[in-house]
Number of protein chains: 2
Amino acid sequence: MSRKKDKARWATAIMSPDELFNMKKMALLREAGQAFRRKGFHNTSMDEVAAALNVTKPALYYYMKTKQEILFECHQFAFDLADQAKQTAWEASEIGIERLRILLEKYIELLTSTLGSCAVLLEPLSSLSPGHQKIVLKRFRDFDRLMKDLVQQAIDEKSIPPQDPRLTVGFFMGALLHITSWYDVEGARTGKEIAQAYGRFVLNGLKGGSPEPANSSDI
Amino acid sequence: MSRKKDKARWATAIMSPDELFNMKKMALLREAGQAFRRKGFHNTSMDEVAAALNVTKPALYYYMKTKQEILFECHQFAFDLADQAKQTAWEASEIGIERLRILLEKYIELLTSTLGSCAVLLEPLSSLSPGHQKIVLKRFRDFDRLMKDLVQQAIDEKSIPPQDPRLTVGFFMGALLHITSWYDVEGARTGKEIAQAYGRFVLNGLKGGSPEPANSSDI
DNA sequence: CCTACCGATCGGTAGG
DNA sequence: CCTACCGATCGGTAGG
């Protein structure tokens, strides 16, 4: 804050204290998020996260109040990326099936990017405090509704045959969420390749349709 | 309280002690497995599992040596059901794509059945002891290999266009595994309906193919 | 199968 | 940002 005048001196000093704080906080979230994905929230101790960042555990508590709060931010991050993917899809097209494909592909690309390491998708809600659970559950439901509406729109536009949007969304969201559990940056496939392959799988799958058309309790 | 036991005494008296022991052990596995699925392994205490069975915690340790062992058996159970599904598929056909469809549908039906409550699929391996991890990892790899071979067979038989079996299997197995996290016996869909819908999604999805043919590092 | 209890792990804090 | 430490939870056991 009052240190801004030191700005000129060293390379690292070009960051304001605020920027530095946020950089470190993000580094903490990334490191923790990766560990949570790989080993699970409860199998990851704060000591391990600290060691990965070359500091001791108490240092982490300068950036985050509790371990649960870290997990909460990782969840929020996952939804922020989803919102970003939605934004991209909405700007690109008005056709339901097109929006669906772009949203899915963009979301996969974001989840497999460096930024995406913060996102945690497979941890049970019970690991969060009740207050945080409510917030995450609402965002989940909103997103789920968005996807089901998109599927319904694609049906209405005759892009895909009648089917139960709930089953459809459950199907491809399961596939998508699971990427975070096996995706490896060093792996044979880039995020973009995975995104395109999944986009095709999903689109072709839905075009085949399912025998049970949507009924009143489906949306 | 003590009247309940009288009732049980007659009903269970026809069972040998061994059968009784196994029934109770299975009840324990089912109750624990369901809780693990819903809330996660570490968010489920032995006290809770015991309470759900109307006994106290120490009673459970007559049937299982440790909590980790319960989780291990839940994992084993998941693979036992997979083997059973494979058996069904192998008996029904010799065509790759047919075996694939039957295996998937059968597995989903088993996972959504009463028996399937024992199966745990989304818990990180780190929750298990190192010895158990090795065993589960081997079974996972064997099953993964089986599925990739099946996809490759379907490609060779021209049932589906050339594609990377690793991506393909990752895709539909992700979708399948996730069913256990949202499936509700009281829900709108029966296990068979889900199985058939997923079978179609997958088959249609793979028939569309992916642009990248398999390369040397894909199997 | 229960009452009573132990002991390790680990999240979080005090104080500097 | 570190050293030292506390306290709650919870898996597991003793003994009956």
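Since the model is a prediction, treat every value here as computed from it, not as a measurement.
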**Student:** Return the value, rounded to whole Å, for the distance between atom OH of B/Tyr62 and atom C1' of D/dG11.
**Tutor:** 21 Å
**Student:** Could you tell me whether a side-chain N or O of B/Glu31 sits under 3.5 Å from a main-chain N or O of B/Val49, the two making a donor and an acceptor?
**Tutor:**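 Side chain of B/Glu31 to backbone of B/Val49, a donor-acceptor pair under 3.5 Å: no, none is there.
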**Student:** Determine, for B/Arg189 against B/Asp184, whether the closest basic-nitrogen to carboxylate-oxygen distance falls under 4.0 angstrom.
**Tutor:**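 Looking at B/Arg189 and B/Asp184, the cut-off is not met.
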**Student:** Figure out the NZ/C1' separation between B/Lys39 and D/dT9, and round it to whole Å.
**Tutor:** 14 Å
**Student:** Within this structure, what is the CG-to-P distance between A/Leu60 and D/dT3, rounded to whole angstrom?
**Tutor:**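 In whole Å, D/dT3 P lies 14 Å from A/Leu60 CG.
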**Student:** Rounding to an integer number of Å, can you tell me how far B/Asp47 CG sits from C/dT3 P?
**Tutor:** 11 Å
**Student:** Using only heavy-atom distances, determine whether the side chains of B/Thr44 and B/Glu48 contain a donor-acceptor pair under 3.5 Å.
**Tutor:** no
**Student:** Distance alone, cut at 3.5 Å: any donor-acceptor contact between the side chains of A/Arg139 and A/Gln76?
**Tutor:**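 Yes - a donor-acceptor pair under 3.5 Å links their side chains.
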**Student:** Between B/Phe171 and A/Phe172, is the ring centre distance below 6.0 Å?
**Tutor:**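 No, the ring centres sit 6.0 Å or more apart.
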**Student:** Whole Å only: how far is the CG atom of A/Leu71 from the C1' atom of C/dC10?
**Tutor:**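 Computing the A/Leu71:CG to C/dC10:C1' distance gives 16 Å.
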**Student:** Give DNA chain C the dot-bracket treatment, 5' to 3': Watson-Crick (N1-N3 with N6-O4 or O6-N4) or G-U (N1-O2, O6-N3) under 3.5 Å, [ ] crossing, | other strand.
**Tutor:** ||||||||||||||||
**Student:** Could you write out each protein N or O paired with an N or O of nucleotides 12-16 of chain D at a distance under 3.5 Å?
**Tutor:**
{"unit_1": "D/dG12", "atom_1": "OP2", "unit_2": "B/Tyr61", "atom_2": "OH", "d": "3.0"}
{"unit_1": "D/dG12", "atom_1": "OP2", "unit_2": "B/Lys67", "atom_2": "N", "d": "2.6"}
{"unit_1": "D/dG12", "atom_1": "N7", "unit_2": "B/Lys57", "atom_2": "NZ", "d": "3.1"}
{"unit_1": "D/dG12", "atom_1": "O6", "unit_2": "B/Lys57", "atom_2": "NZ", "d": "2.7"}

**Student:** CD of B/Glu48 versus C1' of D/dG11: gap in Å, rounded?
**Tutor:** 13 Å
**Student:** Mind telling me whether A/His178 and B/His178 have parallel, tilted or perpendicular rings, with 30° and 60° as the class edges?
**Tutor:**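 The rings of B/His178 and A/His178 stand perpendicular, inter-plane angle above 60°.
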**Student:** List for me each residue that meets ring pair (Phe, Tyr, Trp, His ring centres under 6.0 Å) alongside B/Tyr62, sequence neighbours excluded, and say none if there are none.
**Tutor:**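 Ring pair (Phe, Tyr, Trp, His ring centres under 6.0 Å) check on B/Tyr62 returns B/Phe21.
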**Student:** Any side-chain N or O of B/Tyr63 under 4.0 Å from OP1/OP2 of C/dC1?
**Tutor:**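 Checking B/Tyr63 against C/dC1: at least one side-chain N or O falls below 4.0 Å of OP1 or OP2.
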**Student:** Validate the cation-pi geometry between B/Lys67 and B/Tyr61: distance from NZ or CZ to the six-membered ring centre under 6.0 Å, angle to the ring axis within 45°.
**Tutor:**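 No; the conditions do not both hold, so B/Lys67 does not lie above the ring face of B/Tyr61.
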